Amino acid sequence: VSFEPPPRLLLASGPSPVPQRVLDALAQPTVGHLDPFFVALMEETAELLRTAFGTSNAATLPVSATGSGGMDALLVNFVEPGDRVVVGVNGLFGERLADALGRADAEVVRVEAEWGRALDRDDLIAAVEQGADAVCVVHGETSTGVCQPMDGLGDACHDAGALLLVDCVTSLTGQPVLLDEWGVDAAFSGSQKCLNAPPGLAPFTAGERALEKLRTRKSKPRSWFFDLSLVLGYWDGEGGRVYHHTAPINMIYALAEALRIVDEEGLDARWERHRRAHEALRAALAELGLERVAREGEELWPLLAVRIPGGVDDAAIRGALLTEHGIEIAGALGPFTGKVWRVGVMGEGARPDPQERLVSALAELMGRDSKPAVEALAEGWAATPA
Ligand SMILES: *Cc1c(COP(=O)(O)O)cnc(C)c1O
């Protein structure tokens, strides 16, 4: 039986375009999870992940789950029942963290901002100063296209004896992520956003303060599968690798190849390309009357959220974009439903050609002249040469 997925240009909130090199890696023969070839690949993958996260944390690995599983792994290990946890909520993924913290029986302290705005750093710091065991924030809020400034937060957390726990699912390799510099204690990401691998793995990292919390917990983590001390028995080579669960071998091939591509480009160049792509697309979509939601300085480069002008039918246009042009963009959720489109600017999607295809198709479907928008896109890319 063979099947043939339709050709798609993935410019939504994930999954993002997967390069042929990564698909080829995925299709290589499966080996055993303790095969010396695979063990060497695990070591390489962990090292490339450390670079991507901006950390020297030994405990760095891909959790066998999607990004949401990375979130569960983070909370189940580093939050204990009864812990007071400050959580930033300014979109869907902050809401999810708050929901998951409630299920973990934490005392949840919500610090909120309206959808489309970053959290006020002083609000977060004031909440931490009242006492906290941990602070959870989303770095790149994919539901609104907002990037949370991280400066000052690490010091405030550590002065208060709180762990700083961060969702970097969308920002990783698409915008500076500097976990050690920011004083982040543990973080997770996903394979299918700026990394351009298929969905299914959650890059994860934890530093010494977080591991100390894990060692001194009063009770074992409630999840056996996500218990980091067990998972590290396999991922941490010291003292030999012990079977925990069968690693998703081929997905790790794909992630390793995706990380090699990141490494070949270099993080600085990759961040800068995402910034340029974001700015160019922003200028082009503005020509079609689609204005960015995020304010200057709060924008998430890998995800451009724009307001849909009155009279434009959200579902009809997105439907035609997919069926007639093979291009996927994302609608919005919560208070933004029907009012906002979210366009991925992730990895291979952050290039002039796919963006021009999108801009031309959108202009046609909206009954607008595409020329000014396509010109604005080209000018945007030319404005800040690499
Ligand atoms: C996509 C995403 C997630 C969830 O990842 P899944 O792979 O869909 O489980 C979590 N947080 C943010 C910010 C995301 O963009």
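Everything quoted here is computed from the prediction, not taken from an experiment. When a ligand or atom number is given, it counts from 1 through the structure's own listing order.
Remark: Arg8 engages Pro6, Leu10, Leu322 in a side-chain contact (heavy atoms from CB on, under 4.5 Å) (not counting sequence neighbours).
Using modelled atom types and a 3.5 Å distance limit, the side chains of Asn90 and Trp115 yield no donor-acceptor pair. Between the side chains of Ser360 and Ser370, no donor-acceptor pair of N or O atoms lies under 3.5 Å. For the 3.5 Å distance criterion, the side chains of Arg342 and Ser143 fail to qualify, holding no donor opposite an acceptor.
The residues Arg282 and Glu291 are annotated as not salt-bridged, no charged nitrogen and carboxylate oxygen being separated by less than 4.0 angstrom.
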Would you tabulate the polar-atom pairs, meaning N/O of ligand 1 against N/O of the protein, with distances under 3.5 Å, reported to 0.1 Å?
from: ligand 1; atom 1: 7 (O); to: Gly67; atom 2: N; distance (Å): 2.9
from: ligand 1; atom 1: 7 (O); to: Gln192; atom 2: NE2; distance (Å): 2.7
from: ligand 1; atom 1: 9 (O); to: Thr66; atom 2: OG1; distance (Å): 2.7
from: ligand 1; atom 1: 9 (O); to: Gly67; atom 2: N; distance (Å): 3.4
from: ligand 1; atom 1: 9 (O); to: Ser68; atom 2: N; distance (Å): 2.8
from: ligand 1; atom 1: 9 (O); to: Ser68; atom 2: OG; distance (Å): 2.5
from: ligand 1; atom 1: 11 (N); to: Asp167; atom 2: OD2; distance (Å): 2.7
from: ligand 1; atom 1: 15 (O); to: Thr142; atom 2: OG1; distance (Å): 2.4
from: ligand 1; atom 1: 15 (O); to: Thr170; atom 2: OG1; distance (Å): 2.9
from: ligand 1; atom 1: 15 (O); to: Lys193; atom 2: NZ; distance (Å): 2.7

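At a threshold of 4.5 Å between non-hydrogen side-chain atoms, the residues Trp341 and Leu362 count as touching.
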